[in-house]
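Quick note: residue numbers are just sequence positions, from 1. Just so you know, ligand 1 is whichever comes first in the structure, and atom 1 is the first atom listed for that ligand.
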Amino acid sequence: MNPLKHVAIIMDGNGRWGLKYKKSRNEGHRAGLNTVEKIIKQSIKSNIKFLTLYAFSTENWKRPKSEVSFLFKLLENFLQNKIDDLHNQNIKLKIIGIKNFSKKINRLLNYSEKKTFRNNGLQVNLALNYGSKSEIISAFKSIYKKNEKISEKTISSHLQTKNIPDPDILIRTGNTKRLSNFLLWQVAYTEIFFEKKLWPSFSKADYNKIINKYKKIKRNYGNI
Ligand code: FPP
């Protein structure tokens with residue numbers, strides 16, 4: 001059985017789910033947040049150490065202003081209402097991506113990270129304003145500045161995911177098979193699962209099925 005430390009998820013399909021069931025993309029995002037909470041709980045039960053969720057990409061700024069504002073309001077309410085609960089569950093929250101949001105959101109993100117910093121249960125990495133290519137560029141710039149040697153180790157250690165093992169599993173819901181600029185360096189040997197269901201419909205049972213499938217895979221890392 002493969003050990004499982006880190007699951008990364010591209011939570012795709014909120015918009016389509018919202019339009020189909022509630023005639024509103026934003027309602028899809030609200031429903032998507034319920035799935036986030038369910039999957040966090042299940043990750044704790046499954047003894048997973050790291051859960052990385054792609055919540056907002058650098059490309060998502062292209063969406064209508066009203067949708068972007070809704071997403072950040074959802075995030076704001078979620079953190080304001082749930083950070084104590086997350087903290088009590090020994091969850092450590094880490095933001096990956098560039099924190100250049102409104103003062104209010106930045107403050108809330110910093111507060112939430114600080115509050116949960118010493119927790120040693122599940123670490124939830126929330127990818128916000130995240131883009132893998134720009135993360136890699138920044139890593140190279142920082143290596144160059146410090147005059148360090150280029151190696152797999154130094155590159156990994158200059159990424160925002162430093163000290164986090166590479167994902168064992170990457171799940172993308174929403175019936176689309178692409179990586180969308182997510183953790184491109186980190187998923188070199190990750191087992192990838194493309195799930196047809198839209199994120200708000202993704203269930204604990206679907207998650208467990210993927211975990212069980214993963215545990216039985218023979219991971220060769222190029223060997224035989
Ligand atoms: C992709 O679906 C989803 C997003 C860009 C946002 C993800 C946000 C959540 C799951 C809820 C908010 C989370 C937090 C932590 C506040 P899409 O809108 O691209 O779906 P589509 O492909 O059907 O249009």
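Nearest to atom 13 (C) of ligand 1 among the protein's heavy atoms is L33 CD1, 3.8 Å. Scanning the protein for heavy atoms near atom 22 (O) of ligand 1, the closest one is D12 OD1, 2.9 Å. Counting protein heavy atoms only, atom 24 (O) of ligand 1 is closest to R25 NH1, 2.9 Å. Considering only non-hydrogen protein atoms, atom 8 (C) of ligand 1 sits nearest to N14 ND2, 3.6 Å. Protein heavy atom in closest approach to atom 3 (C) of ligand 1: M11 O, 3.2 Å. Looking only at protein heavy atoms, the nearest one to atom 11 (C) of ligand 1 is H29 O, 3.6 Å. Of all protein heavy atoms, the one lying nearest to atom 7 (C) of ligand 1 is A55 O, 3.4 Å.
Between K5 and D168, no side-chain nitrogen of the basic residue sits less than 4.0 Å from a carboxylate oxygen of the acidic one, so the salt-bridge criterion is not met. No salt bridge links K94 with E113; every basic N to acidic carboxylate O contact stays at or beyond 4.0 Å.
For ligand 1, the atoms lying closer than 4.0 Å to a non-hydrogen atom of L75 are 16 (C). Per-residue contacts place N60 under 4.0 angstrom from the following atoms of ligand 1 (heavy atoms of the residue considered): 5 (C).
Residue contacts with ligand 1: G13 is included, with a non-hydrogen atom under 4.0 Å away. Contact between W199 and ligand 1 is present, with at least one heavy atom of the residue lying under 4.0 Å from the ligand.
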Practice task
Please test T154 against S151 for side-chain hydrogen bond (donor to acceptor under 3.5 Å, both in side chains), starting from the C-alpha separation and ending with a verdict.
Solution key: CA-CA 5 Å; T154 50; S151 70; 3.2 Å; yes

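Using modelled atom types and a 3.5 Å distance limit, the side chains of Y207 and S43 yield a donor-acceptor pair. Side chains of H29 and N14: a donor-acceptor N/O pair is present below 3.5 angstrom, by distance only. Using a 3.5 Å distance cut-off with no hydrogens or angles, the side chains of H87 and N119 do pair a donor with an acceptor.
The residue among R16, E67, R63 with a heavy atom at the shortest distance from atom 18 (O) of ligand 1 is R63.
The aromatic ring centroids of W185 and F140 lie 6.0 Å or more from each other. Between Y130 and F56, a ring centre-to-centre spacing not shorter than 6.0 Å is recorded.
Taking distance alone, with nitrogen or oxygen atoms compared against 3.5 Å, G15 approaches ligand 1 more closely than that limit.
Using a distance-only test at 3.5 Å, with no hydrogens or angles considered, a donor-acceptor pair links the side chain of Q160 to the main chain of G97.
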